Amino acid sequence: MPRDAGAVVATVIVAVLAVTVAFASGIAVAEPPAPSTRFHQQHLDWHTCEDAALVAEGAACTDVEVPLDYGTPDGPSITIAVSRIPARDTADRRGVLLTNSGGPGTPGIDAFDLVGDVLEPDVLSRYDLIGFDPRGVARSGRHQQCGWPVATPIRSAGVGLPGFVAETVLQARLAADCLGGDRNWMRQLSTRNTARDMDVIRAALSEDRISYYGVSYGTYLGAVYSQLFPGRSDRMVLDSAIDPQRYWLGLQQDWGPALEAAFDDWADWVAARDQQYHLGASAPEVRRGVEDLIDRASLSPIEVEGFGFDDHLLPNVLWTMLRDARLNEALAASVRAITDAAEGRAPQVPQQLHQQIEADKHDEDSVMVQIWCADAPMPADPVWYWNAIQAARPTQPIFAALANNIQPCAFWPPPVEPPTVVDNAVPALILQATGDNRTPYAQAVALHHQMSGSRLITLTDTRIHMVLRPGLSTCILDTTNRYFRNGTFPADDRTCQPTTPIE
């Protein structure tokens, strides 16, 4: 790193060091004692759900009491919002099926919304479908929003050192805005504790084991549950998997090369339609145009619908839509609109870009960050991130500064517990697309090795995140439904193709 750059970053370190030191504390490594029987044997008061959609699905709702801190189970408790749609086939009832749709920080009380269109009716009828909002989220939350001035911390550090310095100051501020609240609460929002909550839900429902379907972050939650409670895990399906050894910082860094490859794939698609989008007649020309657009945004934000896209947010637009090849058209129209705005023309704003602008105005992902930071430590030295960005830029010209950017967790207290090491033989189906850039394919391969009893079901030649979808792959749907229906487990790993190629 150049000497002058080092001096500037060092100044930033001094500026934020007080934040880091003020929030520092030790890491407890002992496994907490099991919660007292009052949690496992609690009486559940089932009532009509507040959500009309849940009522229409035949669900009832309740609150399950759990310890705030499993290290002191006789201390303060919190409640987890839970829903249940009872199994209709009582004669062949298998048990309970819990779900998690990812995030972290995504509400999950409507389990039917996640699996209702992918599991066949005779499969759904054999399970009580159990939805729940994880601790800290929606109906199971409090202090969940920190009042941030930005919607998401998943931002690019920008094209140069001044942008990185600004990001470092911003991320420190985001941490301080959260940690000025109930810090003890936030430090207990770990995935390990959510997995323990799942087991209290299991016990309170008088079930010996749980079946489970998790997507993206939900695969990490499922893997942690399988490690903490291997004898309580029944039929588990993990869709678009995270490598527990890479969560969270490693996963973020793995986005970089995967996103650059996804961008090239998209650029090929756009170049073949240059007469429609006029973004370039070749993939290299499309890439140069987008890189130039980001450089222009670094000089002055590009306004679309009154919202300014700078070099910190413009890569996030790409990150959001590159996850799914079915969004190729939406992304091309979005880049066209931003390009038109930059060149002084009135843009035609596609719905997806309008939705992202509205989300950037009104939403914030502080709950997601509170869970990340409760789970896994991140380096506290801003120079570490700057060096990582610079090292990645030659091969990741667009996404190095996003995939290696500093996060609020750099200024957070250390986790109460170390991250979970997953190493078990619990059976599970791991579903993964080779072109996934949110949880790249190597992550699923790693989890497959860590869960030695699993089977890896690969969807080939497809850029998509979450593969258990209606109409995407009959092979994926059939394999998953057979497993949940009667426990049919593939003898070996399996490769599937999309039913209809995604373009």
Side-chain angles (χ1 to χ4, degrees), residues 49 51 53-60 82-102 106 108-132 198 202 205 207 209-216 218-219 221-222 233-241 324 326 426-433 444 454-460 462 464-502:
C49 300
D51 190 328
L54 286 172
V55 175
E57 291 161 3
V82 175
S83 69
R84 178 177 65 183
I85 301 175
R88 296 188 303 275
D89 186 352
T90 56
D92 290 322
R93 180 182 178 275
R94 175 68 190 182
V96 295
L97 173 60
L98 277 67
T99 63
N100 182 278
S101 60
T106 303
I109 199 164
D110 190 349
F112 187 82
D113 187 56
L114 187 61
V115 298
D117 59 354
V118 289
L119 295 186
E120 295 172 2
D122 69 307
V123 177
L124 289 169
S125 68
R126 299 192 62 195
Y127 292 89
D128 290 359
L129 299 183
I130 306 298
F132 70 102
M198 287 169 56
R202 174 202 60 76
L205 294 172
E207 297 289 335
R209 297 192 294 172
I210 66 168
S211 292
Y212 178 81
Y213 172 66
V215 181
S216 194
T219 68
L221 174 59
S233 302
D234 195 8
R235 296 171 184 171
M236 306 194 75
V237 176
L238 308 178
D239 185 344
S240 303
D324 190 333
R326 297 175 302 175
V426 173
L429 291 184
I430 299 175
L431 314 178
Q432 193 80 16
S454 66
R455 296 289 183 269
L456 179 58
I457 314 300
T458 299
L459 182 65
T460 60
T462 307
I464 198 167
H465 183 63
M466 181 178 172
V467 300
L468 189 65
R469 295 174 181 265
L472 177 60
S473 171
T474 301
C475 173
I476 294 284
L477 288 169
D478 288 349
T479 300
T480 303
N481 274 279
R482 281 195 296 268
Y483 181 49
F484 275 134
R485 178 184 292 110
N486 52 33
T488 300
F489 202 59
D492 299 295
D493 296 343
R494 176 172 297 175
T495 298
C496 295
Q497 287 77 38
T499 302
T500 302
I502 295 177

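These numbers were taken from a predicted model, which means no experiment stands behind them. Side chains included, hydrogens not; waters and symmetry mates left out as well; all remaining heavy atoms used. FYI, the numbering just counts along the sequence from 1.
Under a 3.5 Å cut-off, the side chain of Thr488 and the backbone N or O of Asn486 do not form any donor-acceptor pair. In terms of modelled atom types and a separation under 3.5 Å, the side chain of Asp324 and the main chain of Ile464 share no donor-acceptor contact. For Arg202 (side chain) and Glu207 (main-chain N/O), a donor-acceptor pair under 3.5 Å exists by modelled atom type. Remark: side-chain polar atoms of Arg126 are paired, donor with acceptor, to backbone N or O of Asp92 under 3.5 angstrom.
Remark: Leu431 CG to Cys496 SG distance equals 8.5 Å, nearest 0.5 Å. Between the CG atom of Leu54 and the CD1 atom of Ile85 there is a distance of 7.0 Å, given to the nearest 0.5 Å. Atom CZ of Arg485 is separated from atom CZ of Arg235 by 10.5 Å, given to the nearest 0.5 angstrom. Note that the CG atom of Asn100 and the OG1 atom of Thr106 stand 7.5 Å from one another [nearest 0.5 Å]. The line from CD1 of Ile476 to CG of Leu459 is 5.5 Å long, rounded to the nearest 0.5 Å. The distance from the CG atom of Asn481 to the CG atom of Leu124 is 8.0 Å, given to the nearest 0.5 Å.
Ile430 places none of its side-chain heavy atoms less than 4.5 Å from the side chain of Ile457. Side-chain contact between Asp493 and Thr458 is absent, with no heavy-atom pair separated by less than 4.5 Å. In this structure, Leu221 and Met198 have side chains that are in contact, with non-hydrogen atoms separated by less than 4.5 Å. Counting heavy atoms from C-beta on, the side chains of Tyr212 and Leu98 come closer than 4.5 Å. Between Arg494 and Thr479, some side-chain heavy-atom pair lies under the 4.5 Å cut-off. Contact of the Ser83 side chain with the Phe132 side chain is not registered, since no non-hydrogen atoms from C-beta on lie closer than 4.5 Å. The closest side-chain heavy-atom distance from Tyr213 to Val118 is not below 4.5 Å. Taking 4.5 Å as the limit, every side-chain heavy atom of Arg482 sits out of range of all side-chain heavy atoms of Glu120.
The minimum heavy-atom distance between Gly58 and Pro86, with the atom names listed, is O-CD, 3.8 Å. Annotation for Pro427 and Phe489: closest pair CB-CZ, 4.0 Å, computed over non-hydrogen atoms. The two residues Ala87 and Ser125 have their closest heavy-atom pair at CB-O, 3.3 Å. When all heavy atoms of Asp239 and Val467 are compared, the closest pair comes out as OD1-N, 3.0 Å. The two residues His465 and Arg469 come nearest to each other via the heavy atoms O-NH2, 2.7 Å.
With no hydrogens or angles considered, a side-chain donor-acceptor pair links Thr474 and Thr499 at under 3.5 Å.
Using cut-offs of 30° and 60° for the angle between ring planes, the Phe484 and Tyr127 rings count as perpendicular.
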inquiry  = Before you tell me yes or no, could you show the steps for Ser211 and Arg94 under side chain to side chain donor-acceptor pair (under 3.5 Å), namely the whole-Å CA-CA distance, both residues' side-chain angles and the distance that decides it to 0.1 Å?
reply    = CA-CA 9 Å; Ser211 292; Arg94 175 68 190 182; 5.2 Å; no
With side-chain contact (heavy atoms from CB on, under 4.5 Å) as the test, would you mind laying out the steps for Ile210 and Met236 before giving the verdict?
CA-CA 8 Å; Ile210 66 168; Met236 306 194 75; 5.9 Å; no
**Prompt:** Does the pair Val82 and Ile109 meet the rule for a side-chain contact (heavy atoms from CB on, under 4.5 Å), with working shown?
**Reply:** CA-CA 6 Å; Val82 175; Ile109 199 164; over 6 Å; no
**Verdict with reasoning, Asp128 to Arg93, per salt bridge (Lys or Arg N to Asp or Glu O under 4.0 Å)** = CA-CA 8 Å; Asp128 290 359; Arg93 180 182 178 275; 2.9 Å; yes
Can you list the steps and then say if Asp492 with Arg455 is a salt bridge (Lys or Arg N to Asp or Glu O under 4.0 Å)? CA-CA 6 Å; Asp492 299 295; Arg455 296 289 183 269; 5.7 Å; no
Check your understanding: Are Ser240 and Ser216 close enough, and set up right, to give a side chain to side chain donor-acceptor pair (under 3.5 Å), and what steps lead you there?
Key -> CA-CA 5 Å; Ser240 303; Ser216 194; over 6 Å; no
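Checked options Leu129, Val96, Leu205; the residue passing with Arg84 is Leu205 (criterion: side-chain contact (heavy atoms from CB on, under 4.5 Å)).
Partners of Glu57 according to the salt bridge (Lys or Arg N to Asp or Glu O under 4.0 Å) rule, which considers only residues two or more places apart in sequence or in another chain, do not exist here.
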